[in-house]
**Q** 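Have a look at this one before I ask anything.
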Amino acid sequence: MRKLLIVMLSVLLSGCVQDFAIYLFDGQDHSLTVRRQQRYFWQDTVEVQLMATNLPQCQRLHTLSTDAPADIKVELFAAGEGVWNIRMGKQLWQAETNTCNELTEMENDPKADLGQPVGQFVVVDDKLEFEPAPPAAAPAQ
């Protein structure tokens, strides 16, 4: 009976999503990490969190969404020294990694200059990955 219970429990928990992807810059101690987590197998949504890290000065966890679709796409833009714009769907935030202050929610204006595209966190083959942005095209001469 105990073995059957263990097998049943593992089957029930196997549908849960829990993974992360990391964007490292300025060495291994400076990074942005996006994590997605599905708490229960019957949920259609995931919780999405952003970890801003600049060791040893700071490390801060921010919740971006508690009910995002499992196939998330989080875009990352460099907006200055240690300042990052993060876009997920229609939501836009600004984070900074110098002191890891609170995440600032911004108005998502499609015409606004968000900064230099760095890449995106996307789901590929059911796994969250960071895909770097293609290099900017050189201006025509």
**Q** Would you name the heavy atoms of N101 and E96 that are closest together and state the gap between them?
**A** N-OE2, 2.8 Å
**Q** What's the spacing between M51 CE and T97 OG1 if we round to 0.5 Å?
**A**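 With rounding to 0.5 Å, CE (M51) is 13.5 Å from OG1 (T97).
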**Q** Output, in order, the C-alpha distance, side-chain angles, deciding distance and verdict of side-chain contact (heavy atoms from CB on, under 4.5 Å) for L92 and L114.
**A** CA-CA 10 Å; L92 180 66; L114 299 178; 3.6 Å; yes
**Q** About how many Å separate CZ of R60 and OG1 of T99, when rounded to the nearest 0.5 Å?
**A**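 Here the rounded value is 8.5 Å.
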**Q** Provide the closest heavy-atom pair for S65 versus D67 in the form atom of the first, atom of the second, distance.
**A**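 Closest heavy-atom pair between S65 and D67: OG-N, 3.2 Å.
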**Q** Following the transitive rule for hydrophobic clusters with a side-chain heavy-atom cut-off under 4.5 Å over Ile, Leu, Val, Met, Phe, Trp and Tyr, establish whether I72 and W84 coincide in one cluster.
**A** yes
**Q** Hey, which of R39, Q38, Q18 is the one that makes side chain to side chain donor-acceptor pair (under 3.5 Å) with E47?
**A**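 Between E47 and the candidates, side chain to side chain donor-acceptor pair (under 3.5 Å) is satisfied uniquely by R39.
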**Q** Say you draw a straight line from CG of L32 to CD1 of I86; how long is it, rounded to the nearest 0.5 Å?
**A**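 Rounded to the nearest 0.5 Å, the CG-CD1 separation comes out at 6.0 Å.
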**Q** With side-chain contact (heavy atoms from CB on, under 4.5 Å) as the criterion, how do R36 and D19 come out once you've worked through the C-alpha distance, each side chain's angles and the decisive distance to 0.1 Å?
**A** CA-CA 6 Å; R36 68 181 182 139; D19 58 2; 2.8 Å; yes
**Q** Atom NZ in K73, atom CG in L128: separation rounded to 0.5 Å?
**A**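 It is 13.5 Å, given to the nearest 0.5 Å.
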**Q** Determine, stepwise, if the pair F121 / V48 fulfils side-chain contact (heavy atoms from CB on, under 4.5 Å).
**A** CA-CA 11 Å; F121 297 90; V48 181; over 6 Å; no
**Q** Between F130 and L76, what is the shortest heavy-atom contact and its length?
**A**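 Smallest interatomic distance, heavy atoms only, reads CE1-CD2, 4.2 Å.
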**Q** Minimum heavy-atom separation for W93 to L64, with atom names?
**A**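 Shortest heavy-atom contact: CZ2-O, 3.4 Å.
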**Q** What about F25 and V118, same hydrophobic cluster or not, with Ile/Leu/Val/Met/Phe/Trp/Tyr joined at side-chain heavy-atom distances under 4.5 Å?
**A** yes
**Q** Counting only heavy atoms not in Y23, do more than 12 fall under 6.0 Å of its OH?
**A** yes
**Q** Do any pairs count as a salt bridge (charged side-chain N to carboxylate O under 4.0 Å, His left out) and have a residue in residues 75-87, sequence neighbours left out, and if so which ones?
**A** E75-R87
**Q** Set out, in order, the CA-CA distance, both residues' side-chain angles and the distance that settles side-chain contact (heavy atoms from CB on, under 4.5 Å) for V46 and Q37, then state yes or no.
**A** CA-CA 5 Å; V46 295; Q37 180 176 357; 6.0 Å; no
**Q** Any pair with a residue in residues 34-93 that passes disulfide bond (SG atoms under 2.5 Å apart), sequence neighbours left out, goes on the list, sorted by first then second residue, please.
**A**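 Non-adjacent pairs meeting disulfide bond (SG atoms under 2.5 Å apart): C58-C100.
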**Q** Taking all heavy atoms of D71 and all of V123, pick out the closest pair and write down the distance.
**A** CA-CG2, 3.8 Å
**Q** Check whether L61 and L55 end up in the same hydrophobic cluster, where Ile, Leu, Val, Met, Phe, Trp and Tyr are linked by side-chain heavy atoms less than 4.5 Å apart.
**A** no
**Q** Is F77 reachable from M88 through a run of I, L, V, M, F, W or Y residues, each pair having side-chain heavy atoms under 4.5 Å apart?
**A** no
**Q** Hey, could you give me the CG/CG distance between D26 and L24, rounded to the nearest 0.5 Å?
**A**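 With rounding to 0.5 Å, CG (D26) is 10.5 Å from CG (L24).
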**Q** Which heavy atom in Q91 sits nearest to a heavy atom in E105, and how many Å separate them?
**A**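 The answer is NE2-OE2, 4.4 Å.
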